[in-house]
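Letters go in sequence order (proteins before strands), and every chain restarts at 1.
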Protein chains: 2
Amino acid sequence: MSTPRRITLKDLARELGVSTATVSNAFNRPDQLSPALRERILGEARRLGYRGPDAMARSLRTGRSRIIAVILAESLTYSLNDAVASEFLSGVAEVLDTQGHTLLLLSSRQTQGQIPGSASMADGFIVYGLMPSPSLLGRLPAQASLVSVDFDIAGRPTVHVDNEAACLAIARHALRMPPRRPAIVNLRLTAEPCNGRITPSHALLVAEQTITRSRLTGFHRALAEHGVDPAGVPMWNIEENTFEVCAPVIEAILDSPDDERPDLLLCMSDRIALTAVTLAEQRGLRIPEDLRITGFDGIAEGQYRAPHLTTVRQDSTEKGRTAARIILGLTPPASSLLTTELMVGDSCP
Amino acid sequence: MSTPRRITLKDLARELGVSTATVSNAFNRPDQLSPALRERILGEARRLGYRGPDAMARSLRTGRSRIIAVILAESLTYSLNDAVASEFLSGVAEVLDTQGHTLLLLSSRQTQGQIPGSASMADGFIVYGLMPSPSLLGRLPAQASLVSVDFDIAGRPTVHVDNEAACLAIARHALRMPPRRPAIVNLRLTAEPCNGRITPSHALLVAEQTITRSRLTGFHRALAEHGVDPAGVPMWNIEENTFEVCAPVIEAILDSPDDERPDLLLCMSDRIALTAVTLAEQRGLRIPEDLRITGFDGIAEGQYRAPHLTTVRQDSTEKGRTAARIILGLTPPASSLLTTELMVGDSCP
DNA sequence: TTCGCCATCTGGATCGATTCAGTCAGCTCG
DNA sequence: CGAGCTGACTGAATCGATCCAGATGGCGAA
């Protein structure tokens with residue numbers, strides 16, 4: 001019982017007494033042969049159980065795989081459960097689908113600066129959210145196109161929003177009613193593990209990621225405008241944008257003695273803000289009377305239940321679409337700055 | 001300025017005066033050549049900017065791509081934003097990562113029974129959540145392995161939970177305190193668009209998907225046990241498991257005249273249940289006093305805010321891990337039935 | 001009738017690796 | 001000393017398509 005060798009285009013050609021070129025054309029360029037012959041070929045293919053040209057052989061020959069890889073900053077486990085990253089991927093997938101391309105998912109964390117060999121067959125790479133190690137970039141196929149999202153890679157197109165302006169805007173809004181004790185809750189300020197209180201004076205220095213740094217700068221500018229010394233504003237850092245990781249830090253903040261507990265939390269993500277809302281409510285704090293909270297991202301969940309979140313909406317799906325369009329060459333490979341929108345909800349009217 | 005042809009293994013071999021076989025071995029089988037020569041080859045490769053064997057050529061020759069495709073029932077946009085599907089994908093990704101495989105995402109909806117050629121290079125397929133059209137199955141490469149999740153494909157291994165038993169259990173729990181007007185909110189009972197009220201008598205007949213049908217059967221059995229005629233229990237159908245699609249249906253349910261409004265909602269997903277919680281609270285209904293609600297899935301969000309959801313937890317991540325292990329051959333290709341756990345929360349004590 | 005011309009079809013090189021069946025030199029051992 | 005073995009390396013077939021640069025034949029125009 002030897003497995004019958006798979007049927008190839010060549011078998012089909014021999015069987016029909018035509019050349020392989022013609023069979024290939026039957027599948028790829030209907031205009032290159034007579035309809036009658038094409039029908040005969042397709043019919044025979046069906047009869048023999050030939051499933052069409054082999055994808056690998058085609059890719060080897062043509063040099064294109066119709067696969068686009070997205071390299072995610074965090075683990076896939078995290079990214080797939082994060083609303084912002086998921087929306088981004090949706091946008092990417094949406095455009096790829098319409099163009100007959102498929103989506104390969106990679107995480108830069110898992111790969112430790114390597115990318116699995118199988119990924120290098122991708123025609124293009126979308127790097128999302130975090131600067132990949134130089135060695136990873138060096139390993140990408142030379143001819144592959146590259147788009148980064150939310151940060152710059154020298155000489156490559158980027159899709160991003162103006163984080164500093166957005167944070168400036170939302171902080172200005174929040175500060176119109178002067179808080180007695182404002183505080184900032186950062187997201188992933190450093191690559192180093194650090195979950196909890198940090199000193200403001202060092203925050204900007206250690207902010208390795210442009211995205212966090214820009215947001216922080218926006219907050220600080222608004223504070224300074226209102227005569228508040230940013231160095232005096234307490235700051236906490238959240239390592240990962242999940243309820244589980246946020247919760248203990250938020251608890252710590254809320255556990256501050258009454259005269260030290262912040263009455264305004266400028267959070268760098270909706271996930272953080274929502275966690276704060278939930279935990280504050282559990283303690284009987286009134287929002288916004290006792291504690292005002294702002295978020296960032298504008299995820300749908302923030303608008304489901306009262307109080308609606310005050311936040312900055314960025315259209316992550318559109319970000320994904322834009323990145324995909326650039327990668328596929330539907331759009332010139334230029335950097336693209338998407339707009340954001342201040343959304344005033346009940347959590348900080 | 002012609003682009004300098006990319007460097008190949010053959011160039012490297014010529015440059016060094018060794019055979020291509022030896023260069024290949026330097027990358028793939030260090031034991032097949034002397035360490036000194038290997039170093040020389042690797043050094044020269046670095047010098048020439050050779051990035052290692054080409055993935056496509058390798059895949060063509062070896063017949064394996066180290067890519068695993070997941071075919072999702074719904075659109076990628078939906079799946080990536082659905083907690084259950086995302087958790088499932090996390091589990092898959094987690095196992096694939098450890099084995100140096102990568103994850104390709106496809107949606108059966110988009111592909112309309114076709115799969116893009118580029119996908120057919122996958123070594124294995126995980127079909128998630130919905131019976132793909134026979135034509136799609138027929139188009140998969142013959143040698144590829146296949147695992148289905150949450151439904152059976154004849155002769156292929158499946159990963160699933162006992163939906164009927166789980167729904168029997170949670171409905172039994174809910175019915176211990178007899179409701180005056182129980183109701184069922186289905187998820188995707190039919191492939192046809194249908195969002196809203198449906199007649200119970202036809203529900204089982206039109207339930208095309210085994211998963212929905214099993215859950216419904218579980219509910220019905222429990223109702224019958226408690227002397228309630230399932231045919232008299234009103235039913236609604238939800239087309240898509242999102243807040244936006246759920247909300248109008250839930251509104252309609254809650255808009256029933258007071259003497260017809262259900263006081264127990266058996267929901268087929270946590271998303272539906274959470275939507276019901278949110279909208280009921282907005283109307284000032286007390287949970288569970290005025291309305292008891294049960295879910296299904298056990299997503300994390302259900303436990304964040306009060307009232308905690310009464311639900312059946314299924315470990316979607318483990319489902320993903322199991323499917324991936326089977327596809328990779330780490331586990332014998334046998335169907336696997338995962339356990340569920342009744343979680344009693346405040347929404348239906 | 002002859003000359004293009006067009007539509008249709010063909011041969012074969014090519015993409016970039018892997019791998020099997022050897023070759024060859026050097027070493028051991030009786 | 002020579003048989004046999006081992007480790008290191010090689011040559012060339014192969015994977016399954018794509019796509020040039022032609023070949024062929026039929027047909028209309030001159």
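Of all the residues in residues 14-29 of chain A, A/Gly17, A/Val18, A/Ser19, A/Thr20, A/Ala21, A/Thr22 reach under 4.0 Å from DNA chain C with at least one non-hydrogen atom. DNA chain C is contacted by no residue of residues 33-48 of chain B, taking any non-hydrogen atom closer than 4.0 Å.
Whole-Å rounding puts the A/Lys10 NZ to C/dT10 P distance at 15 Å. For the pair B/Arg64 CZ and C/dT19 C1', the interatomic distance rounds to 14 Å; values are reported in whole Å.
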From CA spacing to verdict: side chain to side chain contact (heavy atoms under 4.5 Å, CB included), B/Val127, B/Val147: CA-CA 6 Å; B/Val127 186; B/Val147 169; over 6 Å; no
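A/Thr102 and B/Ser118 are linked by a side-chain donor-acceptor pair at a separation below 3.5 angstrom, with hydrogens and angles left out of the test.
Taking A/Thr322 as the reference, A/Val159, A/Glu318, A/Arg325, A/Ile326, A/Ser336, A/Leu338 meet the side chain to side chain contact (heavy atoms under 4.5 Å, CB included) condition, with sequence neighbours excluded.
A/Tyr128 has its ring centre no less than 6.0 Å from the ring centre of A/Phe151.
Scanning both residues, A/Phe27 and A/Ala45, for their nearest heavy atoms gives CZ-CB, 4.0 Å. Among all heavy-atom pairs drawn from A/Met56 and B/Ser65, the shortest one is CE-CB, 3.8 Å.
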Kindly list each side-chain donor-acceptor pair under 3.5 angstrom involving residues 31-41 of chain A, sequence neighbours excluded, with atom names and distances?
from    : atom 1 : to      : atom 2 : distance (Å)
A/Ser34 : OG     : A/Leu37 : N      : 3.4
A/Arg38 : NE     : A/Ala26 : O      : 2.7
A/Arg38 : NH2    : A/Ala26 : O      : 3.2

Only pairs under 3.5 Å count here: list side-chain donor-acceptor contacts from residues 83-95 of chain B, not counting sequence neighbours, and write none if there are none.
from    : atom 1 : to       : atom 2 : distance (Å)
B/Ser86 : OG     : A/Leu80  : O      : 2.9
B/Ser86 : OG     : B/Leu80  : O      : 3.2
B/Ser86 : OG     : B/Asp82  : O      : 3.0
B/Ser90 : OG     : A/Asn81  : ND2    : 3.2
B/Ser90 : OG     : B/Ser86  : O      : 2.9
B/Glu94 : OE1    : B/Arg321 : NE     : 3.2
B/Glu94 : OE2    : B/Arg321 : NE     : 2.9

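For DNA chain D, the contact window with chain B, defined by any atom under 4.0 Å from a protein heavy atom, covers D/dC9 to D/dG16 in 5' to 3' order.
Only one option out of B/Leu76, B/Leu72, B/Ile71 pairs with B/Leu106 in a side chain to side chain contact (heavy atoms under 4.5 Å, CB included); it is B/Ile71.
When distances are taken from the side chain of A/Arg61 to each of C/dG16, C/dT18, C/dA13, the shortest belongs to C/dA13.
Ion pair B/Arg6/B/Asp11 not flagged as a salt bridge, since none of the NZ, NE, NH1 or NH2 atoms sits closer than 4.0 Å to an Asp/Glu carboxylate oxygen.
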